[in-house]
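A note on names: the letters A, B, ... follow the listed sequences, proteins ahead of strands, and every chain is numbered from 1.
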2 protein chains.
Amino acid sequence: MARKGYHHGDLRAALIQAAAEAVEQGGPDAVSLRDLAKTLGVSTAAPYRHFADRRALLAEVAAQGFEQLAEDYGRAAARNPDPKVALRDTARAYLGLAFRRPGLFRLMFDSDLMGPDAPASLTGPAARSWEALHAAVAAIDPQADDATIKRRTITGWSTLHGFIALVSGGRLKGFMTEPLTEAELVEAILDKTLIAD
Amino acid sequence: MARKGYHHGDLRAALIQAAAEAVEQGGPDAVSLRDLAKTLGVSTAAPYRHFADRRALLAEVAAQGFEQLAEDYGRAAARNPDPKVALRDTARAYLGLAFRRPGLFRLMFDSDLMGPDAPASLTGPAARSWEALHAAVAAIDPQADDATIKRRTITGWSTLHGFIALVSGGRLKGFMTEPLTEAELVEAILDKTLIAD
DNA sequence: CACAAATGTAAGCGATACTAACATTGCGGC
DNA sequence: GCCGCAATGTTAGTATCGCTTACATTTGTG
């Protein structure tokens, strides 16, 4: 991170890391290129040598998030021989990323980075993470046709994703009263994810 | 909208309406107080006579959205004697608002307006819409205790909400291939919302 | 070793949210 | 009716931000 002279050394990587920290700290909107530049001790124009614009930098941060997610999915599948346990563990990985790194998760799913002009470095890892989820659902019931698998994947994913959105958005604050704990709710959500059709 | 002289007439209401249109057009981030002021033919500082800041204006727009939602819920309950049909219709109302007015929906659920310092004009209608949803789920099974009802409400709401988020975010673009249509998916989601536990 | 490409800087443009000081209007009490 | 004051609007300014242009320095390569 320390500068060695006129040139930074690896400003591109430093920007990505600093942006990731800022995202985790205050959400995607809290990332200011000017701030990052000042933090890293370079001029405000320097970041533009490495990223076309703010979106391009955030896209790179999001891409790392999707790579992480695909990895977590892979581990969940690898360590569980029983497909049902594997799927439950996969769902847990999704919840885990969302609750452990809420800022990153928000960047990945709530921002407009995933438009038609999204770079391949972003769409690639995102597609890989979807494929892993799809495979985990398919393994439960190898007989089912593809449309059924996709329908199950989407409904299950929806339940998980919606739960995350509502919890992270504080929408369940007044409602998760005793004796309804968050942990209990998570188990209920995971149960629902497993229901076929 | 036309000015009658030095004073606008009802700038506050005009700002809310113009902001609502801007939200629907380009999402919450597309609302610029300067733009609204110019459109309405007043100075850039005029809006601050009616709203403390940008957030306060957007909160008012969101509040109207929650009022609309609570109303829709009420209609769904009123016109269906069968509680199961009523719940399905309630869920449809949620999806309807989300797909008919995606910008408003995003403002209501994806922005940070609902913090601890949210004005009563926003938290009130939001709580009312939750109560209506809760009641629709409770009507299905009057025997169940409150924790069970809440758990069912939250899981069902999660499924609906997540589906909306994924569709609106374009995350299902490549996956909703034939013969898996969006309409079919909506029915599957509604089915899942009805499943007890 | 010279020169070109890569990478950095300085300065500035235009947009934005918001504030402070001042101007105009319209309404309620006399 | 009119007069003062609160409500409402304006002008001008601050600070931040993304981004661009023109120029400076460094580094690697033929």
Task: Check: B/R55 side chain, B/D53 main-chain N or O, donor-acceptor pair, under 3.5 Å - done: no

Open item on the list: Could you report the tightest heavy-atom contact between A/A62 and A/L113, atom names first, then the distance?
Closed with: CB-CD1, 4.0 Å

- [ ] Please state how far atom CG in B/L11 lies from atom C1' in C/dT24, giving the value in whole angstrom units.
- [x] 15 Å

- [ ] Tell me which of A/T44 and B/D10 sits closer to the 5' end of DNA chain D, going by the nucleotide each one is nearest to.
- [x] B/D10

TODO: Describe, in one word, how the ring planes of A/F105 and A/H161 are oriented to each other, choosing from parallel (under 30°), tilted (30 to 60°) and perpendicular (over 60°).
DONE: tilted

TODO: Could you state the atom-to-atom distance from CG of B/L36 to P of C/dT16 in whole Å?
DONE: 10 Å

What pairs of donor and acceptor atoms, side-chain ones from residues 65-76 of chain A against any protein atom, are under 3.5 angstrom apart with sequence neighbours left out?
{"residue": "A/Q68", "atom": "NE2", "partner": "A/D72", "partner atom": "OD1", "Å": "3.0"}
{"residue": "A/D72", "atom": "OD1", "partner": "A/R75", "partner atom": "NH2", "Å": "2.9"}

- [ ] Starting from B/L194, walk the hydrophobic network (Ile, Leu, Val, Met, Phe, Trp, Tyr; side-chain heavy atoms closer than 4.5 Å) and list everyone else you reach, by chain and number.
- [x] B/L87, B/V137, B/I140, B/I149

Task: Strand contacts (DNA chain C) in residues 26-34 of chain B, 4.0 angstrom heavy-atom criterion - done: B/V31, B/S32, B/L33, B/R34

- [ ] For DNA chain D, find the residues of residues 45-58 of chain B with a heavy-atom distance under 4.0 Å and give them by number; none if there aren't any.
- [x] B/A45, B/A46, B/R49, B/H50

Task: Whole-Å distance separating the CG atom of A/D35 from the C1' atom of D/dC17 - done: 10 Å

Task: Under 3.5 Å donor-acceptor, A/N80 side chain and A/D82 backbone - done: no

Open item on the list: Once ring pair (Phe, Tyr, Trp, His ring centres under 6.0 Å) is applied, do any residues pair with B/F99, and if so which ones, sequence neighbours excluded?
Closed with: none

Expected list for residues 181-189 of chain B: side-chain donor-acceptor pairs under 3.5 angstrom, two or more places apart:
{"residue": "B/T181", "atom": "OG1", "partner": "B/E184", "partner atom": "N", "Å": "3.1"}
{"residue": "B/E187", "atom": "OE1", "partner": "B/R88", "partner atom": "NH2", "Å": "2.8"}
{"residue": "B/E187", "atom": "OE2", "partner": "B/R92", "partner atom": "NH1", "Å": "3.1"}

